[in-house]
Amino acid sequence: SGVRVGPETPAPGALVRVIRDADGGVQYAMKATRGELTLSLHFNHEQVARLFAEPSALGAGGELSMVDYDGHVLARIGTGSPTISGDSAAAFLENCRTGAAGFVGADYQGKRAFQSFRPLAAFGSACVAARVDYDQALAPAVQLRRQLFTRGAWFVLVGAILSLVAAQWISAPVRRLALSARKLQTGRFDRPIPLAGPSEVRALGSAFNAMGNDLAELVAKEQAARREAEAANRAKDDFLATVSHELRTPLSAILGWAHMLRSERLPPQQVQHAIQVIERSAQAQRQLIDDLLDVSRIVSNRLRIAREPVRLAEIVEAALDTVRPQAHAQRIDIVTELADSAVVLGDSRRLEQVVWNLAWNAVKFTPPSGRVVVTLAHVKKEVILTVADTGVGISSTFLPHVFDWFRQADARARSQSGLGLG
């Protein structure tokens, strides 16, 4: 197809020789000799170029070419100059001869690229060169890095905003809890803590509310106990003053009349009266001392209560017999209605003491010409003893405290005998 340039015999050790026509066309010559038989084969470039026309995995920025050592491009994928020339051509052809593979450097155009060369031993003076533009090859990575940076920045920004929101959502209830805790320190237990925020913070708030309620209850109990203790302390002070007065009054009477008897200056008609006064004062003092001893036994848990069958009507009569002389002296009638003869289990001595205290108080606080009514009634399985009088009575406000130790209803009681222990 034209004038051939150069020898047509392959170089030693090669199977094919590249032959260029005068018009720049390329043919390939193959020659094989065996004994006296020689086979020569010529074929054009189209069959080889067709191999490079197949799709390549190098992408749009890649180039695959077959180049001879003189810098002529025999076949390539893509478009470009048919010869390798320029400042970087010598280095490119040297890499082609040595078969340098897998490096980054300047290509024949002076551009930075990933390059790899593979010599073609069958041709003897050609190689296959693959190159990928560096910037185009790394463009997906650069784009990925840019996307990662952008998305990372958005992630950090959204995370910061969510962190601020979460911190506010958590810290606001915690601050309220801290404020409520300071209020608890000042003794303000009546204000409930609002419950908000995460479940753990709400649980902590509920615990604070429960603790505040418990503290409020404890403080209320402590204050009530302190008031009771103060009242009991005042009552004990009053009791001591009463004891000193009540013990001194009959003792003064005893000493006074005893001194008068010893002086032998009393008329005969007053000697008997003096003896009666001394005896009555001694009995009153003995009763006061018995009451004090009973209180001491109760406090020390040494008071013994017997349980034996007793007729309550007989005990009531015996107790009233000790009160009648004083009632007669004050012109007070004692009326009894003791038709019931029930038998109860109890301590006869202590039951008599109870009846005597009730009757004695009724007589003591009833004015002359008054009346005391003592009733014994059997209701279902109970025996009810009632002592009623026409005296000053007891106010409804004092009724809950009528059996408290050291308590007496009013100032008038100070003019009466007794310690408030009945």
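For this chain, numbers begin at 1 and follow the sequence in order. Computation of the quantities below employed the complete heavy-atom set of this structure, encompassing side-chain atoms and omitting hydrogens, waters and symmetry-equivalent molecules.
- Under a 3.5 Å cut-off, the side chain of Ser281 and the backbone N or O of Ile278 do not form any donor-acceptor pair.
- Every residue two or more places apart in sequence or in another chain that forms a salt bridge (charged side-chain N to carboxylate O under 4.0 Å, His left out) with Asp68 is listed here: Arg20.
- Contact of the Arg307 side chain with the Asp347 side chain is not registered, since no non-hydrogen atoms from C-beta on lie closer than 4.5 Å.
- Between Leu345 and Glu308 the shortest side-chain heavy-atom distance does not fall below 4.5 Å.
- Counting heavy atoms from C-beta on, the side chains of Gln115 and Phe117 come closer than 4.5 Å.
- Between Asp389 and Phe365 there is no side-chain heavy-atom pair separated by less than 4.5 Å.
- Each of Val372, Val387, Leu358 was compared with Val363 under the side-chain contact (heavy atoms from CB on, under 4.5 Å) criterion, and only Val372 meets it.
- Between Ala130 and Leu64 the shortest heavy-atom distance is CB-CD1, 3.9 Å.
- Val383 approaches His378 most closely through the heavy-atom pair CG2-CD2, 4.1 Å.
- Heavy-atom neighbours of Arg302 CZ from other residues, nucleotides or ligands within 6.0 Å: above the threshold of 12.
- By the 6.0 Å contact criterion, CZ on Arg349 is open, its count of non-hydrogen atoms from other residues, nucleotides or ligands being 12 or less.
- Remark: His273 pairs with Trp257 by the ring pair (Phe, Tyr, Trp, His ring centres under 6.0 Å) rule, at least two apart or across chains.
- Proximity of Val310 to Leu351: side-chain heavy atoms (C-beta onward) are separated by under 4.5 Å at one or more points.
- Without hydrogens or angle criteria, Asn361 side chain to Asn357 main chain gives a donor-acceptor distance under 3.5 Å.
- Counting heavy atoms from C-beta on, the side chains of Leu93 and Tyr69 never come closer than 4.5 Å.
- Applying the side chain to side chain donor-acceptor pair (under 3.5 Å) test to Gln283 and every residue at least two apart in sequence or in another chain returns nothing.
- Surrounding CZ of Phe398 are more than 12 heavy atoms belonging to other residues, nucleotides or ligands, all under 6.0 Å away.
- The backbone N or O of His72 lies less than 3.5 Å from no partner atom in the side chain of Thr83, so there is not a single donor-acceptor pair.
- Looking only at distances, no side-chain donor or acceptor of His328 sits under 3.5 Å from a matching main-chain atom of Gln330.
- With hydrogens and angles left out, the side-chain atoms of Arg350 and Gln353 include a donor and acceptor closer than 3.5 Å.
- Residues Val316 and Val374 are in side-chain contact: their nearest non-hydrogen atoms beyond the backbone lie under 4.5 Å apart.
- Counting heavy atoms from C-beta outward, Leu376 and Glu337 have side chains that stay 4.5 Å or more apart.
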